[in-house]
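Take a look at the structure set out below.
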Amino acid sequence: MSMIRVRFAPSPTGYLHVGGARTALFNWLFAQKNKGVFVLRIEDTDTLRNNEAMVRGILEGMEWLGLNYDEGPFFQSDNYEKHRAAALQLLEAGHAYRDFTPKAERDDGTIKQRVTEAAKLGKPVNSYRELSRAESDTRAAAGEPFVIRFAVPAEGKTNFEDEVFGAQERDFKDIEDLVLLRSDGHPLYNLSVVCDDIEMNITHVIRGQDHLSNTHKQILLYQALGQPVPKFAHLPLIMAPDKGKLSKRKHGEIVSVTTYRDAGFIPDAFLNFLALLGWAPASDEHGDREIFSRDELVEAFSLAGIHKANAVFNFTQGDARNWTDQKALWMNAEYIKTIPMETLLPMVKTELQHSSLWRDEYEGEQRAWFEHTLTLLRERARTLADFTNHGRPYFVDDISFAFDEAAVKKNLQKDPALQELLPQLAEAFATLDEFTHDGIEALLRKVAEEKSVKVGLLTNATRTALTGQAVGPGLFDVVAVMGKDRTVTRLKHAVQLV
RNA sequence: GGCGCGUUGGUGUAACUGGUUAACACGCCGCCCUCUCAAGGCGGAGAGCACGGGUUCGAGUCCCGUACGCGCUACCA
């Protein structure tokens, strides 16, 4: 059997849409699973919308997700001549005809209305379809502009078995005579995809469900061109919470994959989340598992597990903490807390470099300290950005981090006694020899007992003095990681806040 | 309007070829742990499977209809 070949064919919109990313993922998974070839092709036949910057966003998204392609990127526009030749071939063979209807007539707003009216009466018949070949040639030779339309046969049906949606059938009378070539000679989408998929030997077309009805037209083209028809698998669409289209215009950056990269997502986590939107592994094999590594995804993937109904990408616009789908956030947190340290470290490094918190010693003499700090912070991080947000107090020497107002009020201003206690605590720490988790705990408890205050008063105040926050890792770990010097100066400094 | 596709708790999904109180994850709520928590542990609420018919001893699972949603219906992709 010939090798399986699939492709991802986005149009260059300037960014990789989450829906597109999932389509790319499913193609990639299918190729990996079947030891096939994954091709990337940019569908740029609409020249008005195409330029290099528009392509870059797509490539960046693919790269970040690690969806490597075996061939490409190819540009559909590079194949114009071949597409045109195919249209001419169809014209020659009588499968297509020239339509001399002036463009202006089609462009005026009434066309849609006319189509609707014509539909009521049955299939609209294009008069140019019956034009004799001789006359058609003469008018073309005279320079009269025309489009080339495919002549859908009068009677019959197209059939195909969609790998996801099952048996599909459509009557020819419900398929319009689609335009193959514009009057300026420019090939159109349906012709171009078919030609390219033929040329690239694509065996399985895996794409969004919005192309399900187009498939019938394309099958007609394959047949007229005398080429074998590939297999098709259409994917349910990813919708906005209101079940409307998920669009950049309406929903903003949340639809773009690079947003997730910049917000501190781990690519595998995002992929994992995307995979489970509209797909589920065979339940007998994988039970109720949610977390799948890239390899496990490849292993478990099957077109049979693809759901038919559209999936909602659940998020609340304007909610800073839950700015995207909560399950995606949860999954990212799972990855952050469980992936191997050697995988996490470079990711955090990049994050800290961006926020100017990185020091090369973290990879050198302070490596052990750094890793230990990460093991504390990773437990509560939802995105890599949290290593900056929550981690800043741990990575700076001075007190250039923010003090959360509520935390100050709750932990530092709660008891005026802290005015005295904080400096005393600082002195005690300054002379502590065993500056370890246990040593610190023993000291804190001892001070609490001596001063007859609750341990909680001291630990909470210390937490906020050291990190500016009300929440975080166990306090004794925090103090140990901060080290003696920073602990002492920050405790003294915090007195001003009481 | 026409044609097509879809419809399981708030969200994502599961439920072998119809068979006990519809399962899991996220989220939500509560309790516990504890020095705090956005972490961890435990528990709970939440759908009777869009609606209406039908077939059957028995239907989320099959059939028909209705509603709703989505897609296509461009000299866009």
Side-chain angles (χ1 to χ4, degrees), chain A residues 9-13 43-46 48-49 76 99 101 103 106-107 111-112 115-120 122-123 145-149 162 165 168-171 173-176 178-184 186 188-190 192-193 208-217 234 236-237 239 241 243-245 273 276-281 283-284 287-291 307-315 321-322 325-331 333 337 379-382 386 390 407 410-411 441 444-445 448 454-464 469-476 478:
Chain A
S11 53
T13 51
E43 309 258 284
D44 59 345
T45 53
D46 188 5
L48 291 177
R49 276 157 58 167
Q76 195 155 60
D99 178 353
T101 308
K103 186 172 187 297
R106 289 261 162 200
D107 282 348
I111 185 64
K112 184 113 184 166
V115 167
T116 303
E117 282 164 16
K120 286 178 192 163
K123 180 176 175 175
F146 59 86
V147 299
I148 292 182
R149 278 182 192 277
D162 190 88
F165 288 92
Q168 302 293 312
E169 183 178 84
R170 191 160 189 180
D171 203 298
K173 74 172 167 45
D174 294 320
I175 305 176
E176 75 285 359
L178 60 149
V179 173
L180 266 21
L181 238 50
R182 280 195 219 159
S183 52
D184 61 3
H186 202 99
L188 252 25
Y189 173 72
N190 282 115
S192 293
V193 244
Q209 196 221 43
D210 46 342
H211 291 294
L212 191 59
S213 353
N214 282 330
T215 305
H216 291 96
K217 302 172 197 168
H234 287 87
L237 271 18
M239 315 303 277
K243 301 200 192 313
K245 207 169 183 162
F273 169 73
L276 262 20
L277 261 191
W279 172 82
S283 56
D284 53 326
D288 300 315
R289 204 143 57 94
E290 301 282 329
I291 303 293
H307 201 77
K308 290 189 184 72
N310 292 341
V312 170
F313 192 67
N314 199 18
F315 60 94
R321 182 168 156 75
N322 298 314
D325 195 297
Q326 303 229 72
K327 190 155 183 174
L329 252 8
W330 167 80
M331 197 164 275
K337 68 179 79 162
E379 283 302 318
R380 285 163 181 77
R382 297 209 302 172
D386 284 339
H390 303 166
K410 177 169 169 250
N411 293 336
E441 175 167 11
L444 255 155
R445 290 193 186 283
K454 286 189 167 180
V455 179
L457 179 69
L458 298 183
T459 52
N460 288 334
T462 303
R463 178 192 313 286
T464 301
Q469 298 158 14
V471 303
L475 192 265
F476 311 127
V478 172

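A donor-acceptor distance shorter than 3.5 angstrom exists from the side chain of A/D325 to the backbone of A/N314, with no hydrogens or angles considered. The closest donor-acceptor contact from the side chain of A/R463 to the backbone of A/G474 lies at 3.5 Å or more, if one exists at all.
Side-chain contact between A/R149 and A/E176 is absent, with no heavy atoms from C-beta onward closer than 4.5 Å. Contact of the A/E441 side chain with the A/V455 side chain is not registered, since no non-hydrogen atoms from C-beta on lie closer than 4.5 Å. Between A/R170 and A/I175, the closest side-chain pair of non-hydrogen atoms falls below 4.5 Å. The shortest side-chain heavy-atom distance between A/K217 and A/Y189 does not fall under the 4.5 Å cut-off. A/Q168 is listed as a side-chain neighbour of A/L212, based on a closest heavy-atom distance under 4.5 Å. A 4.5 Å side-chain heavy-atom check between A/E43 and A/V193 finds at least one atom pair inside the cut-off. Using a 4.5 Å heavy-atom cutoff, the side chains of A/K243 and A/V312 are in contact.
Looking at the side chain of A/A309, the nearest of the listed nucleotides B/C75, B/C35, B/U7 is B/U7. Listed candidates were B/C75, B/C35, B/G40. Nearest to the side chain of A/S183 is B/C75. Proximity note for A/Q168 (side chain, C-beta onward) versus B/C26, B/U11, B/C5: the nearest is B/C5. Each of B/C35, B/G27, B/A77 was ranked by its minimum atom distance to the side chain of A/W330; first place goes to B/G27. Distance from the side chain of A/E43 is smallest to B/A77 among B/A77, B/C75, B/A14. Side-chain proximity of A/K327 to B/G12, B/U8, B/G6: nearest is B/G12. Checking B/G40, B/G12, B/G6 against every side-chain atom of A/A311, the shortest atom distance belongs to B/G12. Set against B/C3, B/A77, B/C26, the side chain of A/L188 has B/A77 as its closest nucleotide.
A donor-acceptor contact under 3.5 Å links the side chain of A/R321 to the base of B/A38.
In this structure B/G6 sits in a base pair with B/C68, meeting the Watson-Crick or G-U test at under 3.5 Å. With both pairing distances under 3.5 Å, B/U20 is matched to nothing as a Watson-Crick or G-U wobble pair. Both distances falling under 3.5 Å, in either a Watson-Crick or a G-U wobble arrangement, occur for no nucleotide opposite B/G48. In this entry B/G1 has B/U73 as its Watson-Crick or G-U wobble partner, both defining distances falling under 3.5 Å. Across the strands present, B/A14 finds no partner; the criterion is a Watson-Crick or G-U wobble pair with both atom distances under 3.5 angstrom. Nucleotide B/U55 forms no Watson-Crick or G-U wobble pair with any nucleotide shown, as no partner meets the under 3.5 Å limit on both distances. In this structure, B/C31 and B/G41 make a Watson-Crick or G-U wobble pair, each of the two defining distances being under 3.5 angstrom.
A/L475 comes within 4.0 angstrom of a nucleotide base, judged by non-hydrogen atoms across all strands. A/P473 comes within 4.0 angstrom of a base, heavy atoms only. Here A/E290 lies in heavy-atom contact (under 4.0 Å) with a base. Contact annotation for A/F273: no contact, since no heavy-atom pair falls under 4.0 Å across all strands. Nucleic acid contact for A/G474: base, since at least one base atom lies under 4.0 Å from a heavy atom of the residue. Among the protein residues, A/V147 comes within range of the nucleic acid bases, having at least one heavy atom under 4.0 Å from a base atom. Looking at heavy-atom distances under 4.0 Å, A/Y189 makes contact with a base.
Of the C1' atoms belonging to B/A25 and B/A15, the separation is 15 Å, rounded to the nearest Å. The P atoms of B/G2 and B/U66 are separated by 11 Å, rounded to the nearest whole Å. Separation of the P atoms belonging to B/C24 and B/G44 is 10 Å when rounded to the nearest angstrom. B/C57 sits 15 Å from B/U20 when the C1' atoms are compared, rounded to a whole Å. Across B/U8 and B/A14, the matching C1' atoms stand 10 Å from one another, rounded to whole Å.
Straight-line distance from the NZ atom of A/K454 to the C1' atom of B/C35: 12 Å, rounded to whole Å. We find that NZ of A/K173 is positioned 8 Å from C1' of B/C3, with the value rounded to whole Å. The separation between A/D325 atom CG and B/G10 atom P is 16 Å, rounded to whole Å. With rounding to whole Å, A/E379 atom CD is found 7 Å from B/A39 atom C1'. One atom, CD of A/E441, and another, C1' of B/U34, lie 11 Å apart when rounded to the nearest Å. Taking atom CG of A/D99 as the reference point, atom C1' of B/C75 lies 9 Å away to the nearest angstrom. Rounded to an integer number of Å, the gap from CG of A/L457 to C1' of B/U34 is 16 Å. The distance between atom CG of A/D174 and atom P of B/G4, rounded to the nearest whole Å, is 7 Å.
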List the protein contact pattern of nucleotides 62-72 of chain B with one symbol per nucleotide (5' to 3'): B for base contact, S for sugar-phosphate-only contact, - for none; contact means a heavy-atom distance under 4.0 Å. --------SBS

Could you run through nucleotides 44-50 of chain B and give me one letter per nucleotide, 5' to 3': B if any protein heavy atom sits under 4.0 Å from the base, S if only the sugar-phosphate is that close, - if neither? -------

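Of the inter-residue distances, the one linking A/K337 atom NZ with A/R382 atom CZ reads 10.5 Å to the nearest 0.5 angstrom. Between A/N214 atom CG and A/H234 atom NE2 the span is 8.0 Å, to the nearest 0.5 Å.
At B/C37, none of the side-chain N or O atoms of A/H390 fall inside 4.0 Å of OP1 or OP2 (strictly under the cut-off). Distances shown here put a side-chain N or O of A/R149 below 4.0 Å from the OP1 or OP2 atom of B/C75. Contact check, A/R380 against B/G40: no side-chain N or O comes under 4.0 Å of OP1 or OP2. Contact check, A/R182 against B/C76: a side-chain N or O comes under 4.0 Å of OP1 or OP2.
Put simply, the residue from A/N411, A/V471, A/T459 that forms a side-chain contact (heavy atoms from CB on, under 4.5 Å) with A/T464 is A/N411.
In B/G12 the O4'-C1'-N dihedral to the base is more than 90° from 0, which defines an anti nucleotide.
Listed by chain and number, the residues in a ring pair (Phe, Tyr, Trp, His ring centres under 6.0 Å) with A/F146 are A/F100 (sequence neighbours excluded).
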